[in-house]
Amino acid sequence: INMFFTTAMNAALGIANTLNSLVMTFAQNVSQPMLPQITKNYACGNKQRCDSLLIMTTKITYLLMLFVSTPFMIDAEWILSIWLKDVPPFASTFTLLLIIDSLLASFNSGISTLIMASGKIALYQFSGNTVRILALVVAYCVLKTGVSPNALLYTYIISTIIVLFINQLILKFQLHYNCRDLYLKSYAPSIVVSLLFCPYLFINMSIPSILNIVMGLLYLFFLIWIIGLSKEESSIREMLAFIENKYKGYQLDFVINPQHNLFCNLLKSKNATFEEEQQWMAWEKERNIQYQHEIVLLSQEYEAQYMDKH
């Protein structure tokens, strides 16, 4: 940027990088605890759990990053004008393009951890670093032709897509990983959510920016809830299997919505006993209730015993 454009353009890229780093940090902090579990389960040979964690990590990282970055996608210029007195040219465009690049890179979240856990990292490191170095060379050549500074970030976005594609090939041919579930359960719902949300970004509404952003977040939250989050039977089965394996010999008590037929049917298949559905009761007036001598209010004296039982 310094070689081909002014310092104002460099400042705009710096601002965009700062905002993009904040978005990435938030999403990665949420998914970070899952990464050691991928390594652990791969080392233990628990392929099913490892696959599930990889799918969960890529999808959650992408959807969280999409949600957090939505205000900048809707009206980055307005947000920057609140933060800065004078917004440098191209700052909002750079921010949007960097966020798109980070969203695409988030599909690699968890994949690098899985490849590292396998120990077969030579091809992964060589291919990824080679593509990134070539991206710098291509970006230099493109900018030298006198095109818009946006071309720099377009080059980075294309390189990110190439790295993602290469990582899929490494997963399939070097680790012999079946990518079908990753595509169907992680990439597909994430892409569908994005495609359904995109039209909102192009709707020109004559309403305050803050209201536009809030409405966009609500709409995206609805899409994530309906499409992005898994409601499959396999997800609930996996949860129950994990609890059974982790807490063998324990009795489990669930407080559930009786209208959740899928969950209820799975519990019935495990010979669960259902109590009579409880109804809400309204307390109309105070009553002087005398506790029986067998009933003792919870105090510090009995807290340890209570916690052991529950």
Side-chain angles (χ1 to χ4, degrees), residues 20-21 23-66 98 100-138 155-191 228 230 232 234-235 237-248:
N20 183 54
S21 297
V23 172
M24 288 181 62
T25 301
F26 177 83
Q28 289 173 353
N29 284 344
V30 175
S31 61
Q32 193 67 32
M34 303 180 197
L35 301 182
Q37 291 294 319
I38 294 176
T39 303
K40 176 185 174 183
N41 283 277
Y42 185 88
C44 295
N46 190 349
K47 186 178 182 300
Q48 182 178 0
R49 178 63 177 162
C50 189
D51 292 352
S52 175
L53 285 168
L54 179 61
I55 292 168
M56 191 186 308
T57 302
T58 53
K59 182 164 67 173
I60 287 178
T61 303
Y62 179 88
L63 293 176
L64 271 175
M65 192 174 293
L66 178 64
L98 280 175
I100 293 173
D101 182 62
S102 297
L103 283 170
L104 291 170
S106 69
F107 280 135
N108 280 318
S109 179
I111 293 178
S112 57
T113 304
L114 181 60
I115 296 174
M116 292 290 185
S118 70
K120 302 174 182 179
I121 63 173
L123 180 60
Y124 168 75
Q125 293 283 15
F126 175 78
S127 59
N129 291 330
T130 301
V131 170
R132 291 181 180 92
I133 292 172
L134 288 175
L136 287 173
V137 177
V138 172
T155 305
Y156 288 164
I157 290 172
I158 293 172
S159 69
T160 300
I161 295 173
I162 293 173
V163 170
L164 177 62
F165 179 73
I166 291 173
N167 288 345
Q168 305 302 313
L169 295 178
I170 293 174
L171 278 179
K172 184 175 182 179
F173 294 107
Q174 194 168 32
L175 272 65
H176 307 291
Y177 182 86
N178 185 2
C179 297
R180 182 176 180 274
D181 285 344
L182 180 64
Y183 299 153
L184 294 179
K185 297 180 180 180
S186 176
Y187 292 173
S190 300
I191 292 172
S230 174
E232 295 182 355
S234 58
S235 302
R237 285 189 182 276
E238 182 186 349
M239 179 194 71
L240 294 176
F242 174 78
I243 295 174
E244 289 173 342
N245 293 330
K246 188 74 173 177
Y247 304 101
K248 293 180 180 179

As an exercise, state the distance from OH of Tyr177 to CD of Gln168, rounded to the nearest 0.5 Å. 9.5 Å

CG (Leu64) and NZ (Lys59) are apart, to the nearest 0.5 Å, by 12.0 Å

Can you tell me how far the NZ atom of Lys185 sits from the CG atom of Asp51, to the nearest 0.5 Å? 9.0 Å

Residues passing the side-chain contact (heavy atoms from CB on, under 4.5 Å) test with Ile161, sequence neighbours excluded, are Leu104, Ile157

When rounded to the nearest 0.5 angstrom, what is the spacing between CD in Gln125 and OG1 in Thr130? 10.5 Å

Distance, nearest 0.5 Å, that separates OH of Tyr156 from CG of Leu98: 9.5 Å

Are any non-hydrogen side-chain atoms of Tyr124 and Ile166 less than 4.5 angstrom apart? no

With a 4.5 Å cut-off on side-chain heavy atoms, are Leu169 and Phe165 touching? yes

Would you compute the distance between atom CG of Asp101 and atom CE of Met24 and round it to the nearest 0.5 angstrom? 8.5 Å

Find out whether Ile170 and Ser127 are in side-chain contact, i.e. whether some heavy atom of one side chain is under 4.5 Å from a heavy atom of the other. yes

Could you list the donor-acceptor pairs under 3.5 angstrom formed between side-chain atoms of residues 105-123 and any protein atom two or more places apart in sequence or on another chain?
residue : atom : partner : partner atom : Å
Ser106  : OG   : Leu103  : O            : 2.5
Asn108  : OD1  : Asn167  : ND2          : 2.9
Ser109  : OG   : Thr61   : OG1          : 3.3
Ser118  : OG   : Ile115  : O            : 2.5
Ser118  : OG   : Lys120  : N            : 3.2
Lys120  : NZ   : Gln174  : O            : 3.3

Does any non-hydrogen side-chain atom of Met65 lie less than 4.5 Å from one of Ser102? yes

Counting only pairs under 3.5 Å, give me each side-chain donor-acceptor contact of residues 36-43, with atom names and distances, residues two or more places apart or in other chains.
residue : atom : partner : partner atom : Å
Asn41   : OD1  : Asn46   : ND2          : 3.3
Asn41   : ND2  : Gln37   : O            : 2.7

